[in-house]
Student: 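Here it is: the structure, laid out below.
Chain letters run A, B, ... following the sequence lines, proteins first, then strands; residues in each count from 1. Fair warning: this is a prediction, and the values are worked out from it, not measured in the lab.
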Amino acid sequence: MLSSAERVAFILLVLVCSALAFKGFARMVKIVRRGRAAQRSDNLICRFAEAFIDIALQRPIFKARPVASFFHALIFFGFSFYVLVNVNDLLEAFVDGWSTIGGGPIASLFNLASDLLSMAVLVGMVFFLIRRFVVKPKVLTFNPSVKLHPAVAAGGLRKDSLIVGIFILMHVGSRWLGTALHLAENGHSDPWLPTASAASHLFAGLSPAALDTGVHVCWWLAMGLIVLFLPYFPRSKHLHLMVAPVNLALDRRSPRGLMDAVSDVASPGAKTLTDLPWPQLLDSYACIMCNRCQEACPAHTSGTPLSPAALEINKRYTLTDHAAELASGASAPNLLDAATSVDAVWSCTTCYACVRVCPVGNEPMMDLLNIRRDLMMDGAAPDELAEVLRSLDEKGNSFGDSPRKRARWSKPLDFKIKNANKEPCEFLWYVGDFASYNPDCQEVSRTVARILTAAGIDFGILYEKERSAGNDVRRTGEEGLFESLAEQNAAALEACEFERIFTTDPHTFNALKNEYGPYGERYQSIEHYSTLLLELLENGSLKVGKRLGGRATYHDPCYLGRYNGGFDAPRRVIEACGVELLEMPRNRENSFCCGAGGGRIWMKDHDDMTERPSENRIREALELGAIDSFVVACPKDLTMYRDAVKTSGNEGKIVVKDIADFVAEAMELG
Amino acid sequence: MAGDVLVLAEHFGGSLGDITFELLGMGKTLAGEFGGTCTVALIGGSDAMAEELGGADLVLRLGGEELADFNPEPYGEALLAAIEAKAPRVVLIGYTSMGMDLASTLAVKTGRNLASSCIRVEGGERITTTSQLYGGKMDVRSDLGTAPCILSVLAGSAPADAGRHDGAPTVENLDLPATAGRVRFKRFIEPEAGDVDITAQDILVAIGRGIGSKDDIEVAEELAEALDAAVAATRPIVDAGWLPKTRQVGKSGLKVKPKVYLALGVSGAPEHLEGMKGAATIIAVNTDKNAPIFNVAHYGLVEDLFEVCEELTEALEDR
Amino acid sequence: MDMTVLLKRVPDLVEDLEVDDSGKALDEDSVSLKLNEFDDHALEEALLLKEGGGGTVTVIALDGEDVDKMLYTALAKGADRALKVMGGDPDGGNQALAGIFVAALDGHGGDLILTGVQAADDRDGQLAPRVGALLGRPCIEVVTEVNPGDGKVTVHKELAGGVVAEYEVDLPAVLGIQAARQTPRYAPVSRVRQIQESATIDTVTSAATEGAGFTVVAMTPPETGEGAQMLDGVDELVKVLDAKGVI
Ligand SMILES: Cc1cc2nc3c(=O)[nH]c(=O)nc-3n(C[C@H](O)[C@H](O)[C@H](O)COP(=O)(O)OP(=O)(O)OC[C@H]3O[C@@H](n4cnc5c(N)ncnc54)[C@H](O)[C@@H]3O)c2cc1C
Ligand code: SF4
Ligand code: SF4
């Protein structure tokens with residue numbers, strides 16, 4: 001189809017653009033390789049196969065935003081098919097006489113698919129352009145105090161989106177138009193090309209010469225453009241279509257609740273971009289800048305300067321700015337200069353929502369944790385946090401209270417709980433800081449003790465030998481303190497005789513289950529009390545005589561639910577007590593964090609905070625209409641939500657309860 | 001056993017501090033028990049101050065105007081000279097910022113025993129003191145025997161009234177010894193105007209949600225004014241934007257240790273207690289007799305805070 | 001400026017302190033010791049001075065349980081040298097302790113000695129002025145800020161009611177620190193653990209010194225009942241305020 005001159009021109013264009021693009025991609029690979037080591041290369045075939053299936057089913061993207069995801073699927077399937085279309089168009093251009101129009105059944109099916117999918121892409125793309133440029137949803141804007149790369153602040157994302165949008169429209173549109181002209185040239189319509197045929201009638205009056213020129217122009221616009229676009233790829237968000245699959249294939253396979261081990265003891269965290277493990281550098285290239293992570297982020301939602309999306313975007317823009325130097329080994333910019341701010345780093349609740357929701361497998365939270373490790377090593381923790389850490393170091397609890405008073409909550413009970421340090425017991429109950437020291441939580445601890453006693457369970461606690469398990473300590477970046485706490489706890493536990501171990505605290509649950517591996521195998525079998533209560537209810541040890549009635553909603557604690565998949569047991573416990581359970585819109589994997597995790601409960605609210613995550617959540621619960629109780633299965637949640645009910649002025653409208661409260665009521669315990 | 005008492009007068013900004021009269025009252029009682037005299041050492045003081053010390057048997061004046069501003073070095077030398085001149089059995093010094101510079105230094109220089117943080121002193125054959133130690137968690141009684149000693153006494157341990165007597169005391173002047181001049185007084189820096197530093201207040205009127213609305217904060221402010229106190233608050237009050245963050249007491253606010261903490265409509269959440277349980281005296285006013293604040297309060301009043309505020313403000317203004 | 005910071009461990013007040021069978025001392029089982037919080041501020045101020053104008057910081061403490069960790073923590077924060085005095089009696093009072101420290105420092109201690117303004121167990125005066133007097137150096141207590149000068153320091157001393165007095169003090173001198181210019185820094189355990197591997201603590205043997213010349217005859221918790229004493233009306237409240245000397 002193409003003239004010889006056109007063919008030469010096209011080949012030259014491919015050579016030049018490929019060379020330029022190759023340079024960009026080569027730099028990218030070099031930069032990613034500068035990141036610190038990470039174990040992601042096991043089972044490569046399996047990894048890519050799984051990623052392929054996930055992507056083919058559009059699974060990662062349908063985790064949130066169903067409407068936008070639908071339109072993305074249109075573009076995705078269209079674009080995927082366009083690989084074949086582009087190959088076909090090259091053949092048409094270079095092989096004289098090659099054409100699918102009027103061909104056999106395969107060619108016809110191909111035509112039908114290309115025709116319909118072209119429409120799908122165009123419709124999808126128009127949707128996204130309207131969304132970004134006309135509707136302008138709030139989720140695409142950042143809180144005012146979020147640190148942004150200057151180019152982003154100047155509207156770089158909009159520009160890039162527009163370029164990508166126009167590219168797609170032109171590429172697919174021209175190809176489709178070319179087909180229509182071609183049909184007009186041949187003077188007939190083709191039932192296998194319904195939309196192109198419809199359009200071809202518009203050109204009925206044009207001369208054959210004009211039509212031929214049109215076909216050539218359209219070919220160049222479709223195929224030339226894609227070649228021209230190649231060098232722009234590494235600079236654009238559109239890169240995600242190549243990097244996202246790789247990123248998804250090379251994703252983390254360790255448990256969500258296990259933080260990476262420190263690779264360099266002298267500098268445990270990340271100060272500069274290249275101090276990050278390489279998958280975190282790859283993240284920034286995979287980022288499609290959709291802000292889904294930011295939308296799920298409790299820190300951003302509550303008005304603080306943290307946006308996980310901005311973090312990835314800033315990283316990306318910075319890497320692009322300095323690509324040449326970085327690829328040749330120059331020292332990388334500091335993360336706190338280029339990517340995010342100190343306030344943002346300390347605003348993260350480590351809720352994992354951003355990681356969970358990201359369609360391309362990014363882990364912005366891991367960057368924040370790495371920066372925290374670095375800040376912590378420099379002793380640069382916020383004052384209030386430092387004070388709590390000091391108390392955890394000196395006293396083993398975050399309350400600054402005496403370790404000797406750890407089991408005081410049990411004093412009002414009319415029985416004495418076994419001292420597991422002194423006598424064997426079937427169940428060892430790891431109580432945790434909040435359940436031991438906070439008065440509201442102590443009440444729940446006593447309830448749990450009464451329930452277990454009524455069920456005839458043989459259980460004991462560690463009394464003053466128990467220390468904070470260190471889950472959140474580790475997430476503030478204080479690796480050494482975490483180790484020291486874990487060593488002390490493991491030593492205490494080693495000296496006890498027990499068969500099973502459980503805890504009332506999801507944070508403790510996560511630490512023992514996922515992070516106490518180096519200190520002993522048996523901690524991995526730790527259970528959350530929701531599972532234990534359910535077991536006892538189901539095997540009849542707990543007799544719930546009364547059906548409580550009433551309507552409740554349940555809040556998934558991050559470290560039980562999203563981190564460890566503990567979604568069902570608490571719900572079933574609630575229902576077993578005869579309470580009707582209503583789900584909030586954000587539930588299970590999409591549950592919204594209370595704002596306490598990652599050490600946040602020990603720090604001041606940020607000045608920019610407009611609404612605490614816990615208050616936002618109470619609002620969500622109240623929007624369900626007639627519910628009586630807001631049920632939790634985590635001591636920190638109990639304090640956070642009781643406080644939020646008060647501060648949001650909703651006292652009397654809803655009662656915050658622990659699942660154990662229901663069980664005790666249904667058992668008609670004292 | 002006979003003996004005299006020497007009391008160090010403290011003054012600032014041209015007037016004698018309460019501690020002086022507290023010590024003087026204490027010193028007179030002691031001197032009475034010893035059958036001796038009670039002398040006040042007035043370093044760098046004025047005639048007007050001397051006249052206020054009518055309760056003393058003797059006012060020993062060392063220096064004048066030139067030493068008006070406290071300086072530990074010349075004050076220490078002067079007090080040493082006074083001790084050497086009068087050889088008292090007991091020297092009473094306030095456990096105050098000024099007194100802390102002097103008592104221990106003089107104990108070393110004179111070789112005397114020193115008991116600090118005293119809240120009670122019993123004279124007689126032997127001298128016995130009670131010191132408040134371990135953050136007020138223990139009273140420690142010490143036997144200082146018959147040897148001459150120095151006692152540093154906590155402010156507020158004795159009523160100041162007992163030491164206030166007008167009249168013309170006998171005044172004796174003592175020459176100032178020379179000093180090395182290694183410490184030079186430069187200036188006083190007054191606390192910054194603007195918002196109050198609640199950590200530096202003797203009395204705090206703390207309000208919780210019991211106050212109900214922003215407009216009613218006025219009630220607490222009036223009381224605070226009458227008490228010469230500042231208004232502090234729980235977090236909900238600050239959250240609501242009714243008072244600035246600098247007034248918040250507690251876990252996520254400031255930690256305060258005033259002499260008196262008057263909690264009005266504060267439930268006593270642990271996050272709040274964390275910030276104020278170190279206060280010397282906690283008085284709680286709450287309509288709920290089971291409010292946890294009463295577990296940490298030293299005094300409690302189960303009443304409506306508005307009534308208490310009003311009555312108390314009136315009572316104070318009448319005084 | 002070469003500085004020495006005197007560190008002392010005191011009973012942690014979060015514990016429910018109890019009196020032992022003698023009725024004269026704390027029951028050891030009820031006590032856990034921690035660094036005197038004001039000493040921590042003294043260390044912080046010394047570190048700030050070092051960071052601002054150079055010099056060295058030496059920390060010194062009596063031997064005892066967990067003292068090594070305390071000294072390593074000081075090194076992790078930025079102190080240059082740690083000195084541990086063996087064999088001194090930690091309950092001997094400040095008179096004895098001042099003598100021990102002065103002897104351990106060979107009557108020297110560099111240009112500036114800093115320590116906490118007071119400690120929870122001070123029954124015979126404060127450490128800073130005692131050390132100052134033994135060394136014949138000027139001492140200022142209740143210091144909230146130190147600014148170095150040529151052969152001198154300018155200090156802020158807090159008086160009552162928020163008023164601060166500024167003094168110029170010739171070196172060598174001794175200061176009792178009330179509060180450092182900033183909250184004492186946190187030494188991450190990660191770093192303390194590293195320092196433990198690489199640094200050493202020097203030791204000296206305690207000199208015999210004279211202790212407090214008087215004895216404790218009784219120790220009792222102050223007489224206040226459990227919970228609040230309930231008042232009946234505002235009149236009684238006024239009386240309480242009066243008794244506390246605040247009106
Ligand atoms: C992580 C975290 C950090 C926190 N940090 C802080 C902090 O730094 N500081 C802080 O204060 N809180 C803090 N809180 C909040 C704390 O838990 C409590 O919610 C808060 O202290 C309660 O404040 P309040 O006593 O004013 O209110 P409430 O608990 O509502 O108490 C009001 C009281 O007023 C009484 N009352 C009502 N009307 C009257 C009347 N007319 N006369 C007399 N009494 C009346 C009521 O009986 C009640 O006891 C924090 C909470 C969390 C979870
Ligand atoms: S972990 Fe949670 S709080 Fe932290 S950045 Fe991600 S979504 Fe935000
Ligand atoms: S990190 Fe993931 S969720 Fe966040 S903006 Fe980038 S692609 Fe979207």
Student: Select, from C/P11, C/A25, C/G132, C/A120, the one with the greatest count of heavy-atom pairs under 4.5 Å involving chain B.
Tutor: C/A120
Student: In Å, rounded to the nearest 0.5 Å, how long is the span from CG of C/L17 to CG of B/L133?
Tutor: 11.0 Å
Student: Quick one: of C/G176, C/A165, C/G245, C/G93, who has the most non-hydrogen atom pairs under 4.5 Å with chain B?
Tutor: C/A165
Student: What distance do C/E168 atom CD and B/F185 atom CZ have between them, rounded to the nearest 0.5 Å?
Tutor: 12.0 Å
Student: Given side chains that start at C-beta, do those of C/D122 and B/S117 come closer than 4.5 Å, heavy atoms only?
Tutor: no
Student: Relative to chain C, which segment of B/S152 carries a heavy atom at a distance below 4.5 Å: side chain, backbone, both, or neither?
Tutor: neither
Student: Please determine whether the number of non-hydrogen atoms from other residues, nucleotides or ligands lying under 6.0 Å from atom CD of C/Q182 exceeds 12.
Tutor: yes
Student: Find the one option among B/E307, B/M98, B/E303, B/K109 whose heavy-atom pairs under 4.5 Å with chain C are most numerous.
Tutor: B/M98
Student: So, do C/V234 and B/V308 sit near enough that their side-chain heavy atoms are less than 4.5 Å apart?
Tutor: yes
Student: Calculate, to the nearest 0.5 Å, the distance between atoms SG and CG belonging to B/C149 and C/D124 respectively.
Tutor: 13.0 Å
Student: Once rounded to the nearest 0.5 Å, what's the spacing between atom CG of B/L114 and atom CD of C/Q95?
Tutor: 8.5 Å
Student: Side chain, backbone, both or neither: which part of C/V155 has an atom under 4.5 Å from a heavy atom of chain B?
Tutor: neither
Student: Closer than 3.5 angstrom, by distance alone: can the side chain of B/S97 be matched with the main-chain N or O of C/E158 as a donor-acceptor pair?
Tutor: yes
Student: Report which part of C/K152 has an atom under 4.5 Å of a heavy atom belonging to chain B: side chain, backbone, both, or neither.
Tutor: side chain
Student: Is there a side-chain contact between B/D143 and C/F214, using heavy atoms and a 4.5 Å cut-off?
Tutor: no
Student: Please round to the nearest 0.5 Å and tell me the distance separating atom NZ of C/K157 and atom CD1 of B/I189.
Tutor: 13.5 Å
Student: Can you name the nearest heavy-atom pair linking B/S104 to C/G125, along with the distance?
Tutor: OG-CA, 3.5 Å
Student: First locate atom CG of C/L13, then atom CE of B/M138, and finally report the distance between them rounded to the nearest 0.5 Å.
Tutor: 10.5 Å
Student: For B/Y134 and C/M219, what are the C-alpha separation, side-chain angles and deciding distance, and is it a side chain to side chain contact (heavy atoms under 4.5 Å, CB included)?
Tutor: CA-CA 11 Å; B/Y134 305 106; C/M219 192 182 275; 4.0 Å; yes
Student: Non-hydrogen atoms of chain B under 4.5 Å away: do they reach the side chain of C/L241, the backbone, both or neither?
Tutor: side chain
Student: Counting distance only, does the side-chain N/O of B/D101 pair as donor-acceptor with the main-chain N or O of C/E141 below 3.5 Å?
Tutor: yes
Student: Checking heavy atoms, do the side chain of C/L237, its backbone, both or neither come under 4.5 Å from chain B?
Tutor: side chain
Student: Under 4.5 Å, counting heavy-atom pairs only, tell me which of C/V169, C/V217, C/V142, C/D232 racks up the most with chain B.
Tutor: C/V217
Student: Pick one of side chain, backbone, both or neither for C/V240, based on which atoms fall under 4.5 Å of a heavy atom in chain B.
Tutor: side chain
Student: Take B/R141 and C/T220, measure what side chain to side chain contact (heavy atoms under 4.5 Å, CB included) needs, and give me the verdict at the end.
Tutor: CA-CA 8 Å; B/R141 264 170 71 84; C/T220 48; over 6 Å; no
Student: Please check if the side chain of B/S131 supplies one atom and the backbone of C/R123 the other of a donor-acceptor pair under 3.5 Å.
Tutor: no
Student: Side chain, backbone, both or neither: which part of C/L171 has a heavy atom under 4.5 Å from chain B?
Tutor: neither
Student: Pick one of side chain, backbone, both or neither for C/D235, based on which atoms fall under 4.5 Å of a heavy atom in chain B.
Tutor: neither
Student: Between B/R187 and C/H156, what is the shortest heavy-atom contact and its length?
Tutor: NH2-NE2, 4.4 Å
Student: Between C/G233 and B/L301, which heavy-atom pair has the shortest distance, and what is it?
Tutor: N-CD1, 3.5 Å
Student: At a heavy-atom separation under 4.5 Å, does C/D12 approach chain B through its side chain, its backbone, both, or neither?
Tutor: neither
Student: Using a 4.5 Å cut-off on heavy atoms from C-beta on, say whether the side chain of C/K244 contacts that of B/Y299.
Tutor: yes
Student: Which region of C/P138, side chain (C-beta onward) or backbone (N, CA, C, O), has a non-hydrogen atom less than 4.5 Å from a non-hydrogen atom of chain B, or is it both or neither?
Tutor: both
Student: Of all heavy-atom pairs between C/Q126 and B/Y95, which one has the smallest distance, and what is that distance?
Tutor: NE2-OH, 3.1 Å
